[in-house]
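Notes follow once the structure below has been shown.
All residue numbers refer to positions in the sequence shown, counting from 1.
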Amino acid sequence: MADTQYILPNDIGVSSLDCREAFRLLSPTERLYAHHLSRAAWYGGLAVLLQTSPEAPYIYALLSRLFRAQDPDQLRQHALAEGLTEEEYQEKLEQVILGSEAAQQHPEEVRGLWQTCGELMFSLEPRLRHLGLGKEPSLDSEMTSKLKSYEFRGSPFQVTRGDYAPILQKVVEQLEKAKVYAANSHQGQMLAQYIESFTQGSIEAHKRGSRFWIQDKGPIVESYIGFIESYRDPFGSRGEFEGFVAVVNKAMSAKFERLVASAEQLLKELPWPPAFEKDKFLTPDFTSLDVLTFAGSGIPAGINIPNYDDLRQTEGFKNVSLGNVLAVAYATQREKLTFLEEDDKDLYILWKGPSFDVQVGLHELLGHGSGKLFVQDEKGAFNFDQETVINPETGEQIQSWYRSGETWDSKFSTIASSYEECRAESVGLYLCLHPEVLEIFGFEGADAEDVIYVNWLNMVRAGLLALEFYTPEASNWRQAHMQARFVILRVLLEAGEGLVTITPTTGSDGRPDARVRLDRSKIRSVGKPALERFLRRLQVLKSTGDVAGGRALYEGYAAVTDAPPECFLTLRDTVLLRKESRKLIVQPNTRLEDSDVQLLEYEASAAGLIRSFSERFPEDGPELEEILTQLATADARFWKGPSEAPSGQA
């Protein structure tokens, strides 16, 4: 049972990201700007392979060679002609690869790549299953800011730059080209700072670029690029590369603008004292975008960036909701809808999309956009009144805060990302009960009540589904948002009075199943007060930088045990048994023909996904394969596992 989470079915769902109409409305100059930004994002996204596992770059290089020689249809026909059946073609990867046209043309190279990554690709050795620090001594939080410390616990450390230099060189070349088509000085200066950051390895330059990005209000073509999210870093500090390019969806953006206009009043509804809120709400951009390009390890439904706390506190941020991602990534067929009562399913399908729009809006704008950090600067000055500000949880004056140079991530390290996502999700649930919020999105009366119910029901179901992302062997969570949703489920279960119940059952197929129930009549009377208490504790501990208190609270709720009545470890087996694999999303490409930019779209299939990648780098595929394998070989000695890291085959 433990290994089923690592098995994907051959019929995994595939959807295409539709941005045709948004792209059609762009001017020629905007299309050129979007094209070069997209190229920069796709090149930079290759760095994620090097950040993920020792074998990932070799897998990419192997597949790139395979499909440069034959497209998916040609490879299939070739394999069938060689005597494989349709079923064997799906399952016997080694035979397909070594019998391919690519292997016939370059036998040593293809066989070398396969020998390097073939076994590791399928290995379920515990330390090769997922990212993690294992049982080695973890770094203390003080280390994250000591870039000039060269010895730790008796071991020498040499901090160097340039790990991804050949990849980032290509990113920079495209950013230089995009700068020619910038719509204004903010965009031009933003790109200039990004170029400096990726050339020099300067975080400060990226922060300067982010300042110009914040100031670029309401662009037609929106983008962001860099080493951004730390969700998958085991230590919770190092950013994974991502880059996106998207186009404004004006209809949904108008609703978000109304939400922004109401934000200052809605912030007063949050359950913490005014002193724990920012001194001034810095009105952000909040737009709904149709994604043209999202390069990274996944595509989110919404984004609140930049992640630099000092910029967020003093200069603001931007929120974006990715509308065309929401349209395809979160759609569910009724027959695949797990763990709900039959009489909830139709309502859930009808209102999940609209309720998620509301949740994303509140999560990004008023979740991530709310709350103050208490800071003592380098001169000893405080940004709060030590005499008058009282901790509402203790009734005493503030006893802890952030010192100069400390950040949310550096202090809360491994729990920072998930804790913050939990706070934002909780804000969304809490404020969706407010009539003004629902009116902004066009919901009143019975419809508004259904949106609230489905939003809360979706959260408690998501908390159960989250168990897939918990690893009992290591007692850790592998995904920040999923951990956050499980914590919220625990809080609502703890509220009692029958608000939420999870009942083990037996499915029609005779195998274990479960049902999640939410009593909609108790959302306001039981759920809201419980969430209010929890949210206030989250914010107070975050504001005061109380790491010990924050860890005790959060890790307590995040603990997964088999204690009754829920028996979560047993339920996890049921979740794995019933899980629906996450959809694969096919993204378009842009191609420059003379001075015109063309949009290339692909069918929603595995073959379409492969073609989209093959046509993404039509001219420099071989060069990129070589770059990736060389960089992977240089990094090999830093990976640790039960066997030797791969030596590489360039």
Side-chain angles (χ1 to χ4, degrees), residues 141 230 236-237 263-264 266-282 284 304 306-317 362-431 480 484 487-488 491 531-558:
S141 59
S230 59
S237 296
E264 287 192 79
L266 291 171
L267 284 171
K268 296 175 183 177
E269 302 293 326
L270 292 173
W272 48 76
F276 286 74
E277 193 48 70
K278 292 186 180 74
D279 299 330
K280 177 177 174 54
F281 180 71
L282 301 167
N304 176 283
N307 287 336
Y308 302 115
D309 277 328
D310 51 346
L311 293 188
R312 296 169 64 82
Q313 295 280 324
T314 60
E315 303 196 33
F317 52 89
L362 294 171
H363 173 116
E364 300 296 347
L365 176 66
L366 298 167
H368 291 313
S370 64
K372 178 177 181 173
L373 302 184
F374 294 155
V375 178
Q376 181 183 25
D377 66 21
E378 64 278 2
K379 297 179 181 178
F382 292 88
N383 69 342
F384 65 98
D385 190 327
Q386 284 185 285
E387 299 298 323
T388 61
V389 176
I390 300 298
N391 183 326
E393 295 295 306
T394 65
E396 301 173 353
Q397 293 178 328
I398 304 303
Q399 303 295 318
S400 58
W401 48 82
Y402 296 80
R403 313 286 177 179
S404 176
E406 290 182 331
T407 67
W408 163 248
D409 280 328
S410 71
K411 281 185 76 70
F412 283 74
S413 64
T414 55
I415 67 165
S417 291
S418 184
Y419 187 114
E420 175 59 14
E421 293 305 326
C422 186
R423 196 181 69 88
E425 290 281 49
S426 299
V427 166
L429 284 186
Y430 188 78
L431 288 180
V487 166
I488 292 171
V491 169
L531 206 57
E532 182 173 306
R533 291 189 294 272
F534 179 62
L535 248 181
R536 181 166 51 245
R537 293 176 72 190
L538 285 178
Q539 183 56 52
V540 168
L541 293 166
K542 179 181 179 181
S543 289
T544 58
D546 184 349
V547 179
R551 280 195 176 278
L553 173 69
Y554 199 69
E555 291 177 347
Y557 278 116

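Nearest heavy atom pair, residue Arg551 against residue Thr414, reads NH2-OG1, 2.7 Å. Minimum heavy-atom separation, Ala484 to Glu421: CB-C, 3.9 Å. In plain terms, the two heavy atoms of Val487 and Cys422 that are nearest each other are CG1-SG, 3.8 Å. Residues Pro306 and Phe317 share a closest heavy-atom pair of CD-CA, 4.0 Å. For the pair Leu553 and Leu538, the tightest heavy-atom approach, listed with the atom from each and the gap, is CD2-CD2, 3.9 Å. For the residue pair Thr544 and Phe374, the shortest heavy atom distance occurs at CG2-CD1, 4.0 Å.
A centroid separation of 6.0 Å or more is found between the aromatic rings of Tyr554 and Phe412.
For the pair Leu535 and Arg423, the minimum side-chain heavy-atom distance is below 4.5 Å. Here the side chains of Thr314 and Leu282 are not in contact, with every heavy-atom distance at 4.5 Å or above. Residues Arg312 and Asn304 have side chains in contact (heavy-atom distance under 4.5 Å, counting atoms from C-beta outward). Side-chain atoms of Ser543 and Trp272, non-hydrogen and from C-beta on, never get closer than 4.5 Å to each other. In this structure, Trp408 and Tyr402 have side chains that are in contact, with non-hydrogen atoms separated by less than 4.5 Å.
For Ser404 (side chain) and Asp377 (main-chain N/O), no donor-acceptor pair under 3.5 Å exists by modelled atom type. A donor-acceptor distance shorter than 3.5 angstrom exists from the side chain of Lys372 to the backbone of Asn383, with no hydrogens or angles considered.
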Decide side chain to side chain contact (heavy atoms under 4.5 Å, CB included) for Gln397 and Gln386; before the verdict, give the C-alpha distance in whole Å, the side-chain angles of both, and the deciding distance to 0.1 Å. CA-CA 7 Å; Gln397 293 178 328; Gln386 284 185 285; over 6 Å; no
Please evaluate residues Leu270 and Leu431 with respect to the criterion side chain to side chain contact (heavy atoms under 4.5 Å, CB included), reporting the C-alpha separation (whole Å), side-chain torsions for both, the decisive distance (0.1 Å), and the verdict. CA-CA 8 Å; Leu270 292 173; Leu431 288 180; 3.9 Å; yes
The test is side chain to side chain contact (heavy atoms under 4.5 Å, CB included); show your working for Leu373 and Lys542 and say whether it passes. CA-CA 7 Å; Leu373 302 184; Lys542 179 181 179 181; 3.8 Å; yes
Should Tyr419 and Leu541 be marked as a side chain to side chain contact (heavy atoms under 4.5 Å, CB included) after you check the CA-CA gap, both sets of side-chain angles, and the distance that decides it? CA-CA 11 Å; Tyr419 187 114; Leu541 293 166; 3.4 Å; yes
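Rounding to the nearest 0.5 Å gives a distance of 9.0 Å between CZ of Phe281 and OG of Ser370. Atoms CG and OG, from Leu531 and Ser426 in turn, are 5.0 Å apart once rounded to the nearest 0.5 Å. Distance check, rounded to the nearest 0.5 Å: CG of Leu362 to CD of Glu425 gives 10.5 Å. For the atom pair Glu264 CD and Lys278 NZ, the distance stands at 12.0 Å (nearest 0.5 Å). Taking CG of Asn307 as the start and CG of Asp409 as the end, the distance is 7.5 Å to the nearest 0.5 Å.
The environment of CZ in Arg537 is sparse: at most 12 heavy-atom neighbours from other residues, nucleotides or ligands sit within 6.0 Å.
Between His363 and His368, the ring-plane angle classifies as perpendicular under the 30° and 60° cut-offs.
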